[in-house]
Peer 1: 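To start, I am sharing the structure in question, which I have written as structure tokens.
Side chains are part of it too, since the values below use all heavy atoms of this structure and drop only hydrogens, waters and symmetry mates. Note on naming: letters A, B, ... go to the chains in the order of the sequence lines (proteins, then strands), and numbering restarts at 1 for each one. Fair warning: this is a prediction, and the values are worked out from it, not measured in the lab.
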There are 2 protein chains.
Amino acid sequence: MDKKDHGRPPFKALSIAMVERDTGLSKDTLRMWERRYGFPRPARDGNGARTYTPDQLDRLRLIRRCMDLGLRPGKIVAASMHELIAHTGNAVDVRNKTKAPTGPLPGVLQLLKAQRVAEMRDFLVQAVMRLGVLRFILDVIVPINAEVGHAWMRGEIAIHEEHLYSEQVQHLLRQAIGSAMHRGLAPRVMLTTLPGEEHQLGVLMAQTFLSVEGAQCISLGVQTPASDIVSAARAHGVDIVGLSFSQAMQPRNACTGLADLRQRLDSRIELWAGGALWSRVRKSVPGVRFLSSLTDIPPALADWRARRSGRAA
Amino acid sequence: MDKKDHGRPPFKALSIAMVERDTGLSKDTLRMWERRYGFPRPARDGNGARTYTPDQLDRLRLIRRCMDLGLRPGKIVAASMHELIAHTGNAVDVRNKTKAPTGPLPGVLQLLKAQRVAEMRDFLVQAVMRLGVLRFILDVIVPINAEVGHAWMRGEIAIHEEHLYSEQVQHLLRQAIGSAMHRGLAPRVMLTTLPGEEHQLGVLMAQTFLSVEGAQCISLGVQTPASDIVSAARAHGVDIVGLSFSQAMQPRNACTGLADLRQRLDSRIELWAGGALWSRVRKSVPGVRFLSSLTDIPPALADWRARRSGRAA
DNA sequence: GAATACTTTTGTCCTAGACAAATTATACAC
DNA sequence: GTGTATAATTTGTCTAGGACAAAAGTATTC
């Protein structure tokens, strides 16, 4: 404040607890990495406690991103910043081939990066009015989501920008859901995510589609433990439990979680799994219906209703 | 499934990590309590790892609740369930004196426990129409929040019920914010929570109050790392950073997080901390303004504007 | 009654070893 | 080549006490 930056920056000392909070890596893991891979090797304060630098924190975050892409700690924890960045770049390039840069995306992404929130919001509001909610989600939100995710992986946008974007979209979707919410017909659908999956937008998009189709939605937000999903499904007498999985989730955790849930859930209750994860992972779990796109929701609903009326009749 | 409960319940074995997640007590603290006070003294699995019982978890939750009421661990960790319940009972009675059992609370909580979602929503919608958003928040949401929190601590409601409640309120508040959101005057306020604090309702309630008062709000949702708050605040040129803290957060972490953030944030940007946490913890961090109630927001805003215009003139 | 110094309480951090769950590599049969 | 069982490796979490600083409570003095 009183002094301008001169040569050495004022070296912010971060405790292991702060690093744990900011990176999501447990204290145990941080100490283990230091022991095994030699990074991060923090300085110590007078009391022998580790003091990390902001640089180390940045690098840890980058390592985290690489791990989300499927790389393993042993390969990357000791790697240099350049190698890490190369990894994230490559992984993204491979994906970009499939998705050409279409119309509205660059605009929104640029407004976001330029911190022009009001304009971004205006753009989105206009788009939802012009296209209607469903087309808005499919043509605008889904592509932008993907683009924002990739940009974040590449480090082109900060977490706070992703948060900001997510907040705006959440507002829009919740407003749409609010007006589309009738007393609700069959089926009764419960929506949430498993623990570890904290992205809300997937749930909200699904809820929008279902509400517009006249289904009765009960959303539990995010991160509901399996045992709670089971008891909630029973308590509310739902017909279908829908779970959303973002790309950030580990496919393995998702599959084991689904299998576990399927086993504990009443067999008459259907289990549907959707979200960006399933477009790149093609696993199947017995007794689980996978919806790789939001557009699969209306037919799946129609199918359910046909089966139901057939059985009822 | 295939076997009915017979005599011994199927003893759910809980790892120390699960107990940490469910109680908010760190592994270190749990081990320390065991060493010092002899509780909880979990069984061990074949590998020597602690395995807690659901009963122990319930008792830990009750202990936590007693601590939230101001009792210290040394007095209560070794106490029996009866003593604990007596403590909470007394404490609750003390509080109830100030807040007579008003109308809406028992009703909503009961609807929630009875899984009567539609009715609960209707009730809330009617309340917001009748009272207006601000009074609705103060007279309905805040008391219910407290009640839901206590009920959860006491184990009277499940996580999924809390999730469900939170979702309904979120819908209502976001709708209110949407219609109260103008282009925005000064000051420009950025709202979020620190990592570890995942309760959104606090942020949304604050945002509602600020929007109604004409301030320009930029919400980043929840769990924004300190370094991102700093860069986002700079990028958006905000005047105030507002953080929300729920009762669930450890006061210690909250204070260190705040102090850390205050140090890194441009000194011209004010830092306001609000939320239920500060009504029971009376700490102060230099350079941070504490708002123990939502009703403190309008005067604080007026104060800011007065100072600003004074300085500008 | 308020301010100061002293004592107890309490949570976090430390080291370094152990082990299970998950992943990858290898061997072998078809 | 493809599939499967077995072995090796990787990786995160758990454990045990010891140490210490910050906070809360208590005693002493003005």
Peer 1: Within this structure, what is the CZ-to-C1' distance between B/Arg21 and D/dT13, rounded to whole angstrom?
Peer 2: 15 Å
Peer 1: Show your working on side chain to side chain contact (heavy atoms under 4.5 Å, CB included) between A/Tyr52 and A/Ile16 and close with a plain yes or no.
Peer 2: CA-CA 7 Å; A/Tyr52 296 81; A/Ile16 195 171; 3.8 Å; yes
Peer 1: Just how far, in rounded Å, is P of D/dG12 from CD of A/Glu20?
Peer 2: 14 Å
Peer 1: I'd like to know if the side chain of B/Thr193 reaches the main chain of B/Ser244, judged simply by a donor and an acceptor atom lying under 3.5 Å from each other, with no hydrogens or angles considered.
Peer 2: no
Peer 1: Please give, in whole Å, the distance from D/dT15 P to B/Asn47 CG?
Peer 2: 9 Å
Peer 1: Could you check whether any side-chain heavy atom of B/Leu261 comes within less than 4.5 Å of a side-chain heavy atom of B/Val230, counting everything from C-beta outward?
Peer 2: yes
Peer 1: Using salt bridge (Lys or Arg N to Asp or Glu O under 4.0 Å) as the criterion, list what pairs up with B/Asp58, not counting sequence neighbours.
Peer 2: B/Arg61
Peer 1: Any N or O donor-acceptor pair linking the side chain of B/Arg35 to the base of D/dA16 at under 3.5 Å?
Peer 2: no
Peer 1: For B/Phe245, which residues count as a ring pair (Phe, Tyr, Trp, His ring centres under 6.0 Å) partner, sequence neighbours excluded?
Peer 2: B/Trp278
Peer 1: Rounding to an integer number of Å, can you tell me how far B/Glu34 CD sits from C/dT10 P?
Peer 2: 17 Å
Peer 1: Please write out the pairs of protein N or O atoms and N or O atoms of nucleotides 7-10 of chain D separated by less than 3.5 Å, giving the distance to one decimal.
Peer 2:
unit_1, atom_1, unit_2, atom_2, d
D/dT10, O3', A/Arg72, NH2, 3.3

Peer 1: Could I get the full list of side-chain contact (heavy atoms from CB on, under 4.5 Å) partners for A/Arg41, not counting sequence neighbours?
Peer 2: A/Glu34
Peer 1: Please give, in whole Å, the distance from D/dT15 P to B/Tyr52 OH?
Peer 2: 7 Å
Peer 1: Rounded to the nearest Å, what distance is computed from the CG atom of residue A/Asp45 to the C1' atom of nucleotide D/dA21?
Peer 2: 11 Å
Peer 1: Looking at DNA chain C, which of residues 23-32 of chain B put a heavy atom within less than 4.0 Å of it?
Peer 2: B/Ser26, B/Asp28, B/Thr29, B/Met32
Peer 1: Without decimals, in angstroms, what is the distance between A/Arg44 CZ and D/dC20 C1'?
Peer 2: 15 Å
Peer 1: Does D/dG12 have OP1 or OP2 under 4.0 Å away from a side-chain N or O of A/Trp33?
Peer 2: yes
Peer 1: Please tell me which of the listed nucleotides, C/dA20, D/dG12, C/dT10, lies nearest to the side chain of B/Arg36?
Peer 2: C/dT10
Peer 1: Provide the full list of side-chain hydrogen bond (donor to acceptor under 3.5 Å, both in side chains) pairs with a residue in residues 20-31 of chain A, sequence neighbours left out, each pair given once.
Peer 2: A/Glu20-A/Lys27, A/Ser26-A/Thr29
Peer 1: Of the listed nucleotides (D/dC14, C/dG17, C/dC19), which one gets closest to any side-chain atom of B/Ser15?
Peer 2: D/dC14
Peer 1: For A/Arg64 and D/dG12, give me the distance from atom CZ to atom C1', rounded to whole Å.
Peer 2: 13 Å
Peer 1: To the nearest 0.5 Å, what is the distance between CD1 (A/Ile229) and CD1 (A/Ile269)?
Peer 2: 11.0 Å
Peer 1: Under 4.0 Å between a side-chain nitrogen and a carboxylate oxygen: does that hold for A/Arg59 and A/Asp55?
Peer 2: no
